[in-house]
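Worksheet for the structure shown next.
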There are 2 protein chains.
Amino acid sequence: MNLPIPGQPVRGSKTGQPIMALFDLLGRSWAMGIIWHLAKGPSTFRGLQTYCESISPTSLNKRIKELRDSYLIVKTIDGYALTEQGKELYGLIEPLGLWAKGWSKNFKKQ
Amino acid sequence: MNLPIPGQPVRGSKTGQPIMALFDLLGRSWAMGIIWHLAKGPSTFRGLQTYCESISPTSLNKRIKELRDSYLIVKTIDGYALTEQGKELYGLIEPLGLWAKGWSKNFKKQ
DNA sequence: ATTCATTGCTACAAATTATGTAGCAATACT
DNA sequence: AGTATTGCTACATAATTTGTAGCAATGAAT
């Protein structure tokens, strides 16, 4: 499956409801991590590679293409950066950071 | 990689910061879809299978185990259901639904 | 002007993950 | 007793991701 396009069948949804297309896009490895990182400011390919630790350049490049084709990031003189829509989306996922800290306490027992 | 546990290395993060563990968990196929569906009410295994259309029982069962082990869903007499934490998380991802509808207009040109 | 470092990738094999289909034991219903 | 539904497991095939190597293009330093 290629780029998940709302309204067309996407990975796991024949109707391609927007939320399903978004889940398909964000569910791919490192997609949310890339957005999270770019929210702090533009970053080069190598910068993203360092941030994402173990991502392969193959995957990173694929992810970048998808996010660009989805209007969430663009290439600027300073590197890749979030678009206005990308920033909006970040605003929605940002609260997960704080929530995740609370959630992580469940596992502290081990 | 097995269950992503905050504080331990997860898929793509050696330090396992909570947000990274959460992204690993939610990034797996159908994880967010399952939460989205259970937010409407409890659902049986077969109910989830129908909702998720193309998911294989193998994947669904794996995802269910992970979400249970992560304290986000539980098995009840009525089927699988969100825990309080799962409901909290849903509250955070729910706004994505509306946003996705606006985002999808980008693609309408084709 | 030429080394040297950095950047933005591509190629490709190996490992991991997901799909698709079959099927089966355990309950519930008729 | 027979039939349907549920909650799975098994297993082969397909798709995705990782890990590593490497290379052309740009820029800085000598």
Side-chain angles (χ1 to χ4, degrees), chain A residues 1-5 8-16 20-21 23-35 37-38 41-70 73-81, chain B residues 1-5 8-16 20-21 23-35 37-38 41-70 73-81:
Chain A
M1 183 77 61
N2 257 323
L3 186 72
I5 295 178
Q8 292 180 27
V10 300
R11 194 170 53 163
S13 169
K14 284 160 196 163
T15 54
M20 287 298 140
F23 282 177
D24 183 356
L25 182 69
L26 295 184
R28 295 173 183 197
S29 85
W30 282 109
M32 287 195 287
I34 290 169
I35 292 170
H37 185 58
L38 291 185
S43 179
T44 63
F45 190 94
R46 296 265 167 161
L48 282 168
Q49 227 180 333
T50 302
Y51 170 71
C52 296
E53 297 178 82
S54 71
I55 198 175
S56 67
T58 318
S59 300
L60 178 56
N61 194 37
K62 198 156 179 272
R63 218 67 339 124
I64 285 174
K65 273 185 184 136
E66 290 164 2
L67 292 173
R68 289 176 78 177
D69 290 348
S70 301
I73 71 176
V74 283
K75 196 172 188 173
T76 71
I77 190 93
D78 298 321
Y80 296 102
Chain B
M1 183 76 62
N2 256 325
L3 186 73
I5 295 177
Q8 292 179 26
V10 300
R11 192 171 55 161
S13 170
K14 285 162 196 160
T15 54
M20 286 299 142
F23 282 177
D24 184 357
L25 182 70
L26 295 184
R28 296 173 182 196
S29 85
W30 282 108
M32 288 195 287
I34 290 169
I35 292 170
H37 185 58
L38 291 185
S43 180
T44 62
F45 189 94
R46 297 266 167 159
L48 282 168
Q49 227 179 334
T50 302
Y51 169 72
C52 295
E53 296 178 84
S54 71
I55 197 174
S56 66
T58 319
S59 300
L60 177 57
N61 194 37
K62 197 157 181 273
R63 217 68 337 123
I64 285 174
K65 273 186 183 135
E66 290 165 3
L67 292 173
R68 290 176 77 177
D69 290 348
S70 302
I73 71 177
V74 282
K75 196 172 189 172
T76 70
I77 191 93
D78 298 320
Y80 296 102

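Everything numeric in this text was worked out from a predicted model, so none of it was measured.
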d(CG, B:L60; C1', C:dT21) in whole Å: 16 Å
Atom-pair distance (CZ on A:R28; P on D:dA15), nearest Å: 13 Å
Atom pairs, N/O to N/O, protein against nucleotides 19-26 of chain D, distance under 3.5 Å?
residue: D:dG19; atom: OP2; partner: A:S54; partner atom: O; Å: 3.2
residue: D:dG19; atom: O6; partner: A:T58; partner atom: OG1; Å: 3.0

Plane angle bin for A:Y51 and A:H37 - parallel if under 30°, tilted between 30 and 60°, otherwise perpendicular: parallel
Distance, rounded to the nearest Å, where A:L48 contributes CG and C:dC9 contributes C1': 13 Å
Between C1' of C:dG8 and CG of A:N61, the distance in whole Å: 8 Å
Separation of atom NZ in A:K75 from atom P in C:dG8, rounded to whole Å: 6 Å
With B:S29 via side-chain hydrogen bond (donor to acceptor under 3.5 Å, both in side chains) - residues at least two apart: B:R63
Sugar-phosphate only, base, or nothing, as touched by B:S29 at under 4.0 Å among non-hydrogen atoms: sugar-phosphate
Presence of B:R11 side-chain N/O under 4.0 Å of D:dT18 phosphate oxygens OP1/OP2: no
Sequence-distant partners of B:K65, side chain to side chain contact (heavy atoms under 4.5 Å, CB included), two or more places apart: B:N61
Partner set under side chain to side chain contact (heavy atoms under 4.5 Å, CB included) for A:A81, not counting sequence neighbours: A:P42, A:T76
Phosphate OP1/OP2 of D:dA10 contacted by B:K62 side-chain N/O (<4.0 Å): no
Side chain to side chain contact (heavy atoms under 4.5 Å, CB included) partners of B:D69, counting only residues at least two apart: B:L3
Spacing of B:W30 atom CH2 relative to C:dA18 atom P, expressed in whole Å: 13 Å
Atom-pair distance (CG on A:D78; C1' on C:dG8), nearest Å: 16 Å
Side chain of A:K65 - closest among D:dC8, C:dT10, C:dT7: C:dT10
Nearest-nucleotide 5' precedence on DNA chain D, B:T44 against A:G27: B:T44
Phosphate OP1/OP2 of D:dT6 contacted by B:Y80 side-chain N/O (<4.0 Å): no
Separation of C:dT19 C1' from B:E53 CD (nearest whole Å): 14 Å
Phosphate OP1/OP2 of D:dT16: any A:R63 side-chain N/O under 4.0 Å: no
Rounded distance [0.5 Å steps], CG in B:D24 versus CH2 in A:W30: 9.0 Å
Residues that A:S56 engages under side chain to side chain contact (heavy atoms under 4.5 Å, CB included), provided they are two or more places apart: A:T58, A:S59
